[in-house]
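A short worksheet on the structure shown next.
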Amino acid sequence: MHLQLSPQAELTDVHVDVQRTSVLRGLDLVVAAGEVLGLIGANGSGKSTLLNVLATLIPPVAGTVQVRGPVALLGHAPALYSQLTLRENLQFVARMTGRDDAVADAALATVGLAAAADRRADRCSHGMRRRADLARVFVTKPSLLLLDEVHTGLDVTSAALVDHVVDGVRRRGGACVVVSHDRDQVARLTDRVVELAAGRVAPAVVA
Amino acid sequence: MHLQLSPQAELTDVHVDVQRTSVLRGLDLVVAAGEVLGLIGANGSGKSTLLNVLATLIPPVAGTVQVRGPVALLGHAPALYSQLTLRENLQFVARMTGRDDAVADAALATVGLAAAADRRADRCSHGMRRRADLARVFVTKPSLLLLDEVHTGLDVTSAALVDHVVDGVRRRGGACVVVSHDRDQVARLTDRVVELAAGRVAPAVVA
Amino acid sequence: MTLFGRRLPIIAAVLLAVGLVAGLVAPPDRIQGNLQRLMYVHVPAAWLAFLGFAITFGASLAWLWRRKPRYDRLAASAAEVGVFFTGLAIVLGSVWGKPVWGVWWTWDPRLVTTALMFFVYLGYLALRRATLDPLVRARRAAVFGVLAFVQVPIVHMSVLWWRSLHQPPTVLKPGDPTIDHSMLAALLVNVLAFTAVFALFVRARVRLAVAQDEEDTLPGPLAGDVVTAPRLEGVSRDE
Amino acid sequence: MTAWRQLVEIARKDLRLEARSGEALLVTTPFGAVALLFVPLAVGTDTPLLRGIGPGLYWVVVLLFGLLVTLRTSAVDTPPQIALLRLCGVHSVVRLAGRAAASALLLLAFELLLVPVAVALYDPAPHGWPWLLVVLPLVAAGLGLLGTLAGALAQGLDGRTTLGPVLVLPLAVPLLLGATQAPAAAALGHAPWPWLLLMLTVDLIAALALLLGAPHLEEVA
Amino acid sequence: MTAWRQLVEIARKDLRLEARSGEALLVTTPFGAVALLFVPLAVGTDTPLLRGIGPGLYWVVVLLFGLLVTLRTSAVDTPPQIALLRLCGVHSVVRLAGRAAASALLLLAFELLLVPVAVALYDPAPHGWPWLLVVLPLVAAGLGLLGTLAGALAQGLDGRTTLGPVLVLPLAVPLLLGATQAPAAAALGHAPWPWLLLMLTVDLIAALALLLGAPHLEEVA
Ligand code: HEM
Ligand SMILES: Nc1ncnc2c1ncn2[C@@H]1O[C@H](COP(=O)(O)OP(=O)(O)OP(=O)(O)O)[C@@H](O)[C@H]1O
Ligand SMILES: Nc1ncnc2c1ncn2[C@@H]1O[C@H](COP(=O)(O)OP(=O)(O)OP(=O)(O)O)[C@@H](O)[C@H]1O
Ligand SMILES: [Mg+2]
Ligand SMILES: [Mg+2]
């Protein structure tokens, strides 16, 4: 584990509005390099919004956001083109980031979808799409990885993928933020857990 | 618990193709009245397809399907009109089944969304939409309830809702089929667990 | 099963040869001269297009009633061949129209309705092409195949409903055909010949469809077999 | 009786979705108006010519853009929504009839909004206009039904909004003919009954097709 | 250099999506052809009249339906897809430029497919047609850019396919004028350069708008 001094992400007094309603309100958060941070909170408390802020996809209305990339975000809905095959989807990502097509095939093999590579994304089951989305991480090798309920839809064998992915990022000296409602999962996977409530984060009491 | 002799659903030698590929092949399954059946299986093994067959939404290419209704299916994606408010969505369901508008409000209160009732569905978080979808069951009171990874996105407090819903159906003498990748969850919630593999079901070895 | 079989192609070829001779031997038209011989292909083509769509109509109804895949195949094949003959009738009509009417195309009701019929059945084929699931495709195509058929009587009656340039029915009408009898004979021979060609095409197309369906219904691998457990060894160890 | 109530609720829901998105009236209508504006720009601003082609162009625009109204995105049920309706005991005929009713109402509004635009831009001869009171609803009903059918046929396919129109537009030709010819005939002093009858026939055929076809067109993937 | 490769890949992906769905060429093109067929039915089938208005109608159809081509559903990125591209380091200008390139190619094919239809149906005077070789690409490029801009403006709004055109249609008016007037001027023996220049200006303005506007048009909800 390469510990670095500068944090991977740092939010200071961040206020975020979504469609004119306030979601985050004076939030402070530091994600250290090499850290795996768990993020929990009730439905609608703003976890997904916070991940989007960390990915600099949603600008705050006030406060500062500093993030070191490259960043990858796995959200509630997979970012797949439904009419492209899984292979085409991953090759597209590979080419966008200047990588070789072979990387895409390797990533699909890793998530156990080598044989499904030529199936269109909209012909895949829910879990297969989630896996294909996860395969992106093996292509882009981010140093800040944001996982939004990433275990959703993964079957028993593929749940281990998440550990693997998180491990990889940690070994590269990057950081992860893991959102989940499964407290055991979070406790097992992460170094530190914070809870989001009332638009801010606070260290969580993990059962 | 009212035990009845005739089963809630009975599939005999069912073959199902989706877009010309074979998904179920010679599947036999009996869901007894009053039973809560767990259904597990790898990604892409056909669990969601099987639930659609049980809901008589997908016709088999061979075999017979007999189901006693009313049936409710909670699938991977919530069946909400994104431009209607949560209340309007549930009132719509209530009116379609000849019920009173008050039932809809009561259902929203039950899932803890009374305060968000006037929010449009596309302005809700992922978990809020899942909860609103679950609220339908309190309106339509089905006697065969098909739950596809229903815990997805529910936070810690609302996960108990699922137990509540399942209990309700059981008490009415109906049956539930619960699909999940969380074996502990399934074992806890259900009377019997079957595993779907190679297009058929077999009693599962639950850890 | 071969695509074309043996006897039908021979019959069709012989009939076509006879039709060609009959078309050349029949007297030229008093006004249009030899140009008029285009009729021996134009008219059969138009009628066979009608026949194709009528078969599609009947087969679609049969499918809705009996739900046997063979009706769906027949409907699709007949529609495809019908579109081909519609195209042929339009092209030959245009070629004929240029010297006779002075233009390739006019806004004659029969011409317009024929073009619309062409589009409707192109739409039918596009609908089939866009729908993958065989059952869904058969259903939608059957419903549309029944609905689309209203175009055919419209095309046929268009000359009567709107008085126009195009030839009114001279053969397919009650009473004695208003056409020279040797011309009529030549026309009938050609109709017969092209009907044989039509049957040949439809049969070939149906056989192709059968072969395709058989290939599809071979018990292939299960959809779920493509998903395996993740392969974690050796993957990001190299970093 | 229940089916009737379901139908009304479905239509009301569709109208409410339209009120939220404004897709048909706030967006497609201006688009149609712009189309009417474009033609004089392209073919020249010769007034008698425009006066002659004005009513015809009005109806072409109503037909083409009217089908886009019936195929507006807020009038598409996703597979989970169709499944929900099915499991709530809503028959497919009821579902599609409710949609057709809502679309017909929207189309009538669409037509009425475009009338002043066409009048202002083309200044057509005003003869026979009272017949519009019959013609407009007949076209709206026919297009609403045909468009709903098109939507059901192309449901869930790529290119839904364009495949749908291609399928049913040719079938709408008698509506176009009736709509342009009925007032024209009236202006010449003929009774336009045959044209109205033609349009009514189209409406009835479309209704029948919906009634008989709907059960076959419903599926959930 | 990388940006260039990204642009090419994005355009190629869009063309591949089109090849899968056939939305633009297999479906919108027949829709346009049907529109061309409809007008004479409605405005009357007087041949000299049609010959006169033929080229104008061709361009109106190209403009209106061409915008449907640029706004085809396969050319919409969902919020997760936009997020993905952003996080892969694809600048919004590159994303939209790739889309515009793909759309322009499709539009050129669309225009070329409709030319024979218009010629067959309206039999226009053939003077000045060589200028089409310049006019067609200019219109395709302009519309591709404007349509992409419209799509980006309306991104995420309901009624995407219809709101977009309304926003950019006014900007397309000079294209329409240039396209109709350039061959007409050439037919009269004038050099059509001013019209071509006008169209080129529109193209450049649209390109500039895309270049400067793109960073502001991208947001992920
Ligand atoms: C593009 C142009 C044309 C098209 C689309 C067209 C289409 C058709 C169609 C659909 C029919 C079958 C009608 C029925 O039996 O109900 C037909 C029949 C016929 N056409 Fe044409 N036609 C065209 C041009 C012409 C021309 C230029 C002539 C000759 C001057 C012609 C002469 C005839 C004749 C003689 C028949 C047989 C009518 C009968 O006996 O019922 N057609 N055409
Ligand atoms: N629309 C479709 N077109 C073609 N094939 C499909 C389609 N939907 C699903 N399939 C295939 O059918 C199989 C079964 O899918 P299904 O969604 O039932 O799986 P599942 O058991 O629910 O998986 P998961 O755990 O990932 O949700 C999969 O292999 C999938 O690829
Ligand atoms: N598009 C939107 N428009 C308006 N409000 C929104 C939108 N998306 C989310 N919100 C609101 O913002 C708040 C935070 O949403 P967010 O999705 O971040 O919650 P979350 O913590 O991820 O919840 P969940 O556990 O349900 O996924 C919610 O109250 C939600 O209602
Ligand atoms: Mg969330
Ligand atoms: Mg599933």
Side-chain angles (χ1 to χ4, degrees), chain B residues 16-20 23 48-49 51-59 67 69-85 87-99 101 104 120-123 129-130 132-133 135-137 139-146 148, chain D residues 1-27 72-99 101-102 106 151 155-158 215-221:
Chain B
V16 172
D17 289 0
V18 179
Q19 306 263 17
R20 293 213 222 133
V23 176
S48 304
T49 307
L51 292 191
N52 276 299
V53 172
L54 281 167
T56 63
L57 295 170
I58 296 182
V67 177
V71 184
L73 168 66
L74 301 191
H76 287 297
L80 299 172
Y81 291 93
S82 51
Q83 285 155 337
L84 296 185
T85 65
R87 173 179 291 123
E88 287 164 349
N89 266 295
L90 280 156
Q91 283 182 351
F92 181 65
V93 174
R95 292 179 190 177
M96 283 298 127
T97 50
R99 289 183 175 80
D101 284 358
R120 277 169 54 153
D122 58 2
R123 306 269 157 83
R129 269 179 293 210
R130 302 282 312 180
D133 206 33
R136 269 201 282 138
V137 178
V139 175
T140 61
K141 301 215 160 53
S143 58
L144 177 61
L145 178 59
L146 309 168
D148 204 352
Chain D
M1 201 59 220
T2 339
W4 177 248
R5 208 187 140 197
Q6 287 176 335
L7 192 156
V8 171
E9 280 300 327
I10 285 175
R12 182 183 295 175
K13 182 248 327 163
D14 269 9
L15 290 176
R16 181 176 278 162
L17 287 177
E18 163 59 23
R20 298 269 152 94
S21 67
E23 208 181 335
L25 297 189
L26 293 181
V27 183
R72 65 200 182 281
T73 40
S74 67
V76 195
D77 294 316
T78 62
Q81 285 159 356
I82 297 179
L84 167 63
L85 288 173
R86 267 268 281 279
L87 296 178
C88 284
V90 177
H91 195 277
S92 53
V93 172
V94 172
R95 180 170 73 87
L96 293 181
R99 162 128 326 139
L106 287 175
Q155 145 109 27
L157 302 182
D158 306 326
H216 301 286
L217 289 178
E218 181 148 285
E219 70 263 335
V220 187

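In what follows, every chain begins at residue 1, and chains take the letters A, B, ... in the order their sequences are listed. Quick caveat: nothing in here was measured; it's all calculated off a predicted structure. Computation of the quantities below employed the complete heavy-atom set of this structure, encompassing side-chain atoms and omitting hydrogens, waters and symmetry-equivalent molecules.
Looking at D:Gln155, its side chain never comes within 3.5 Å of a backbone N or O of D:Leu217 through a donor-acceptor pair. Between the B:Arg130 side chain and the B:His76 main chain, a donor and an acceptor come within less than 3.5 Å of each other.
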From CA spacing to verdict: side chain to side chain contact (heavy atoms under 4.5 Å, CB included), D:Asp14, D:Arg72
CA-CA 10 Å; D:Asp14 269 9; D:Arg72 65 200 182 281; 4.2 Å; yes
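At a threshold of 4.0 Å, the pair B:Arg136-B:Asp133 counts as salt-bridged, since one of the basic side-chain nitrogens sits closer than that to a carboxylate oxygen.
Contact of B:Tyr81 with chain D is made through backbone and side chain together, with heavy-atom distances under 4.5 Å. Neither the backbone nor the side chain of B:Val18 comes within less than 4.5 Å of any heavy atom of chain D. Heavy atoms closer than 4.5 Å to chain B are found in the side chain of D:Leu85, but not in its backbone. B:Pro78 touches chain D through its backbone: at least one of N, CA, C or O sits under 4.5 Å from a heavy atom, while the side chain does not. At a 4.5 Å heavy-atom cutoff, B:Leu74 makes no contact with chain D through either its backbone or its side chain.
Contacts with chain D were tallied for B:Pro59, B:Ala79, B:Ala72; B:Ala79 has the most, counting heavy-atom pairs under 4.5 Å.
Counted by atom type alone, B:Thr97 and B:Arg99 present one or more donor-acceptor pairs between their side chains at under 3.5 Å.
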